2 protein chains.
Amino acid sequence: MPDRRSRRRQDTIEEALHHGVQVITEQGVGALTISEVARRLGMRAPSLYKYFPSGLHALYDALFARGMEEAKAATERAVAGLAPGAARLRAAGRGYVRWAVENPGLAQLLHWRAVPGFEPSPGVMALSHAGQQLLADELQAAVDAGELRAEANDEEAIDTWTVLLSGLMTQQMANEPGAPFDEGRFTRLTDPVLDLWFERYGTH
Amino acid sequence: MPDRRSRRRQDTIEEALHHGVQVITEQGVGALTISEVARRLGMRAPSLYKYFPSGLHALYDALFARGMEEAKAATERAVAGLAPGAARLRAAGRGYVRWAVENPGLAQLLHWRAVPGFEPSPGVMALSHAGQQLLADELQAAVDAGELRAEANDEEAIDTWTVLLSGLMTQQMANEPGAPFDEGRFTRLTDPVLDLWFERYGTH
DNA sequence: GTCTATACCGTGATAGAC
DNA sequence: GTCTATCACGGTATAGAC
């Protein structure tokens, strides 16, 4: 199946996504256009329609999927080697927020609804649900390890966790874009903010 | 000064802002155009340049200012009659988040950096700082009333407060837009989330 | 203050030659 | 698979008549 032709094709798609990420990172998620990506690819706009037949929305959709993959990979790197438990969960939260501020374009696409007509396709939404399941699994593992109270895997606890991460990312990206994670006025608060959650849901 | 001519002029500006709010509420903050506002005003686009000479950016700027005024007014209504203290602060937080999800267009403009080229003018930023000072005053008053610990007026406490509000608004607007404050999956968590803050910074 | 007219640019998207 | 050509449409913004 992956003969020479389809490999080249995948490479082109890959490169298009790379340039797409560049554009939204530099200019914000609302600044993406087919033309600009084609320009950076050294192509004419119509040619890109061979790779993204439904145009701009397909490009956004692919970037959304790419964003989730990258966020997941970054989070996994951040927790590598840690045993299930509170410390691992904390590392996951830190890693996720760090990834977001270092990839603001993709993070905006994932966490803000900032592109007027766009919403992710069902297939991509399924990926998103899988990501949420991953968080639920981490929480359950920490509960099983005796480091979190049983309620930590309730919907309210999970949603609260996402509210904290979302607030950290959003405030940093909106008010002090470009600041490194360790120096950002808001991202510096990641640990104390997560402490608020652990004080409620951790076992002490 | 406010002769007949300038009053009519103010009315037109007022109406333009009204339609601008409508547009971003309906279609998101990225969907605002001079043409659309002119259309709704029953005007041609060029005419609007008499009121917003620098075009779209001036319109965004005016909407930003309007958003801050409305948010401030809504918050003040929410705390009317309450004495300085923790209860008043909580009501302010609730009122602010409620206003945001009921006015998502303006809230996006204020709290996300979702419009590619735009940033608020210095004059409007001054308004923003005034709003932050208001929060600091509330916190200090609650400290003086003996209901918050002294650290509650530190930068870290203030920033943490804004992180919580931002997370609540953002998660609700991005994941469940249109849901009423009292029913939203995330806005329902406003009280328990603010509890996290009061558990750290309140006196018990 | 509003209009028409215009210049200019950009976009998304499709058809069809090569 | 890429291109040129083209369509249709939208936008911002300015000049100048009324």
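None of the values given here were measured: they were computed from a predicted structure. Residue numbering restarts at 1 for every chain, and letters A, B, ... go by the order of the sequence lines.
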Could you name each residue pair satisfying side chain to side chain donor-acceptor pair (under 3.5 Å) that touches residues 117-127 of chain A, not counting sequence neighbours?
-> Asp61(A)-Ser121(A)

Ile13(B) CD1 - dG1(C) C1' separation (whole Å) | 13 Å

Would Asp159(B) and Arg188(A) pass as an ion pair if we require N to O under 4.0 Å?
-> no

Can you check whether Ser35(A) has a side-chain N or O nearer than 4.0 Å to OP1 or OP2 of dG10(C)?
-> no

Which whole-number value in Å describes the distance from Glu36(B) CD to dG10(D) P?
-> 10 Å

Separation of dA13(D) atom C1' from His57(B) atom NE2, nearest Å, is 14 Å

Interatomic distance, Phe118(B) CZ vs dG11(D) C1' [rounded to whole Å] | 19 Å

Rounding to a whole Å, what distance do you find between Tyr49(A):OH and dG1(D):P?
-> 17 Å

Carboxylate-amine/guanidinium proximity below 4.0 Å for Glu26(B) and Arg40(B) = yes

How long is the line joining CG of Leu32(B) and C1' of dG10(D), in whole Å?
-> 14 Å

Going by an N to O cut-off under 4.0 Å, is there a salt bridge joining Arg39(A) and Glu36(A)?
-> yes

Do Glu14(A) and Arg7(A) sit within salt-bridge range, that is, some charged N less than 4.0 Å from a carboxylate O?
-> no

Rounded to the nearest Å, what distance is computed from the CG atom of residue Leu56(B) to the P atom of nucleotide dG10(C)?
-> 17 Å

Atom CD of Gln27(B) to atom P of dG10(D): distance rounded to whole Å?
-> 13 Å

Atom pairs under 3.5 Å: protein N/O with N/O of nucleotides 2-5 of chain D:
from   : atom 1 : to       : atom 2 : distance (Å)
dT2(D) : OP1    : Tyr51(A) : OH     : 3.3
dT2(D) : OP2    : Tyr51(A) : OH     : 2.3
dC3(D) : OP2    : Arg44(A) : N      : 3.1
dC3(D) : OP2    : Ser47(A) : OG     : 2.8
dT4(D) : OP2    : Arg44(A) : NE     : 3.4

Set of residues satisfying side chain to side chain contact (heavy atoms under 4.5 Å, CB included) with respect to Ala73(B), sequence neighbours excluded | Arg77(B)

